[in-house]
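Okay, so here's the structure we're looking at.
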2 protein chains.
Amino acid sequence: MFQLSKKVEYGLIAIRHMAAGGPGQIHTAKEIADRYHIPYELLAKVMQKLAKNYILARNPAELKVAAIINAIEGKPNVTIIQCEAESPENCIIHDTCTIKNPLVKLQLNINRVFEDLSIGEMV
Amino acid sequence: MFQLSKKVEYGLIAIRHMAAGGPGQIHTAKEIADRYHIPYELLAKVMQKLAKNYILARNPAELKVAAIINAIEGKPNVTIIQCEAESPENCIIHDTCTIKNPLVKLQLNINRVFEDLSIGEMV
DNA sequence: CCGAATCTGGACTATTATGGTCGGGTTTAA
DNA sequence: TTAAACCCGACCATAATAGTCCAGATTCGG
Ligand code: FES
Ligand code: FES
């Protein structure tokens, strides 16, 4: 619960590696996979996703962790509580529910934490 | 990724229910399970854990969400990044790693978010 | 231009974590 | 005193994650 997935972790390592190398440097997925003992195929996929979302095109130092997570996981990552999202008809207090709103606010706070950290702070 | 587990969700619903009922009220796990269409056996286990950690003995209004999560999930919920915790010997930059520390700080920020929300704010 | 290395991307397997169930023995309260 | 509720370990089903395999396309150094 509340751990970064391996994919995100690998993505962070790769991007940080590229950021540390300075601009203009060329890095192959193979090279990074070897250096950090990451399964190549998996890292390759991660980097494909990052590339498709134009993450790799940006200045790494300014990249936010949140953007990387979203690119890799694919979803806007919104619903911290499932009762609301999935089957509101099951919940007898759904209409008067006082759990949802505080948790949505909590969710926003968490999102902000990820928005606040940039790769630049890791190099 | 970054969703509360069902167990925690059920725990929150149950505790909020008890908080809303006012002090002195008696609530059985069965009753709560029926009212919210939660599988009884599962809710029962959750409440057992809460009871063992003396969560149910405290004033619900002052309970922090963090305490509930810890009681149910059992772990202090510390390592947001796995590279460090699991196999540091695999990572060639482990000694000079600049990823760990920022993410630990991020972890602390997330913990704080859960520490900041109390059941009282949900009733 | 050629060959080797690398990338692409789908299909597939393995491993875990999660959510849920069953059942037998124990307590509790009408 | 007996039904209902609780305790708790074992168990099963499903889904999410992590990792693998491979065949075709691309890129790049020479
Ligand atoms: S909608 Fe069901 S607990 Fe909030
Ligand atoms: S210890 Fe490996 S990336 Fe930080």
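Chain naming here is simple, since letters A, B, ... match the order of the sequence lines and numbering starts at 1 in each.
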Exercise. Who passes salt bridge (charged side-chain N to carboxylate O under 4.0 Å, His left out) against B:Lys105, sequence neighbours left out?
Worked result: none
Seminar exercise, completed: Residue set satisfying side-chain hydrogen bond (donor to acceptor under 3.5 Å, both in side chains) with B:Asn109, at least two apart, ordered chain then number -> B:Arg112
For this session: Might you point out which heavy atoms bring A:Pro60 and A:Ile119 nearest each other, and give the distance in Å?
Result: O-CB, 3.1 Å
Problem set entry | Difference in axis direction between the ends of the helix from C:dC1-D:dG30 to C:dA30-D:dT1, five pairs, 10° | 30°
Problem set entry | Nucleotide D:dA18, atom P - distance to CG of A:Leu4 in whole Å | 10 Å
For this session: With rounding to the nearest 0.5 Å, note down the distance linking NE2 in A:His27 to CG in A:Leu56.
Result: 11.5 Å
Exercise. Between atom CG in A:Leu42 and atom C1' in C:dT15, what is the gap in whole Å?
Worked result: 14 Å
Seminar exercise, completed: Residue set satisfying side-chain contact (heavy atoms from CB on, under 4.5 Å) with B:Asn101, at least two apart, ordered chain then number -> none
Problem set entry | B:Val65: side-chain contact (heavy atoms from CB on, under 4.5 Å) partners, not counting sequence neighbours | B:Leu12, B:Ile69, B:Phe114, B:Leu117, B:Met122
For this session: Calculate the interatomic distance between B:Lys49 atom NZ and D:dC7 atom P; express it in whole Å.
Result: 14 Å
If you restrict it to nitrogen or oxygen atoms, what contacts under 3.5 Å exist between nucleotides 25-30 of chain D and the protein, and what is each distance?
none

Exercise. Can you list the residues that meet the side-chain contact (heavy atoms from CB on, under 4.5 Å) rule with A:Ala20, with sequence neighbours excluded?
Worked result: A:Arg16, A:Val123
Problem set entry | Atom-pair distance (NZ on A:Lys7; C1' on C:dG9), nearest Å | 13 Å
For this session: Give a yes/no on whether any side-chain N or O of A:Tyr10 is located under 4.0 angstrom from OP1 or OP2 of D:dG19.
Result: yes
For this session: Give the B/S/- string for nucleotides 22-30 of chain C, one per nucleotide from 5' to 3', where a protein heavy atom under 4.0 Å of the base yields B, of only the sugar-phosphate yields S, and otherwise -.
Result: BB-------
Seminar exercise, completed: Hits for side-chain hydrogen bond (donor to acceptor under 3.5 Å, both in side chains) against A:Glu121, two or more places apart or cross-chain, chain-then-number order -> A:Ser118
Exercise. Which atom names give the shortest non-hydrogen contact between A:Leu43 and A:Tyr10, and what distance separates them?
Worked result: CD1-O, 4.0 Å
Problem set entry | Separation of C:dT16 P from A:Lys6 NZ (nearest whole Å) | 12 Å
Exercise. CD1 of B:Ile38 versus P of C:dG19: gap in Å, rounded?
Worked result: 12 Å
Exercise. C:dA5 C1' sits how many Å from A:Ile26 CD1, rounded?
Worked result: 15 Å
Exercise. Does B:Asn53 have any side-chain contact (heavy atoms from CB on, under 4.5 Å) partners at least two apart in sequence or in another chain, and if so, which?
Worked result: B:Ile55, B:Ala71
Exercise. According to the side-chain hydrogen bond (donor to acceptor under 3.5 Å, both in side chains) rule, which pairs have a member within residues 57-67 of chain A, sequence neighbours left out?
Worked result: A:Asn59-A:Glu62
Exercise. Do A:Leu103 and B:Leu4 come close enough that some side-chain heavy atom pair is under 4.5 Å?
Worked result: yes
Give me the distances for all protein-to-nucleotides 3-6 of chain D N/O pairs that come in under 3.5 Å?
from: D:dC6; atom 1: OP1; to: B:Ala29; atom 2: N; distance (Å): 2.8
from: D:dC6; atom 1: OP2; to: B:Lys30; atom 2: N; distance (Å): 3.3
from: D:dC6; atom 1: OP2; to: B:Tyr40; atom 2: OH; distance (Å): 3.0

Exercise. Between NZ of B:Lys6 and CD1 of B:Ile13, what distance do you get to the nearest 0.5 Å?
Worked result: 8.5 Å
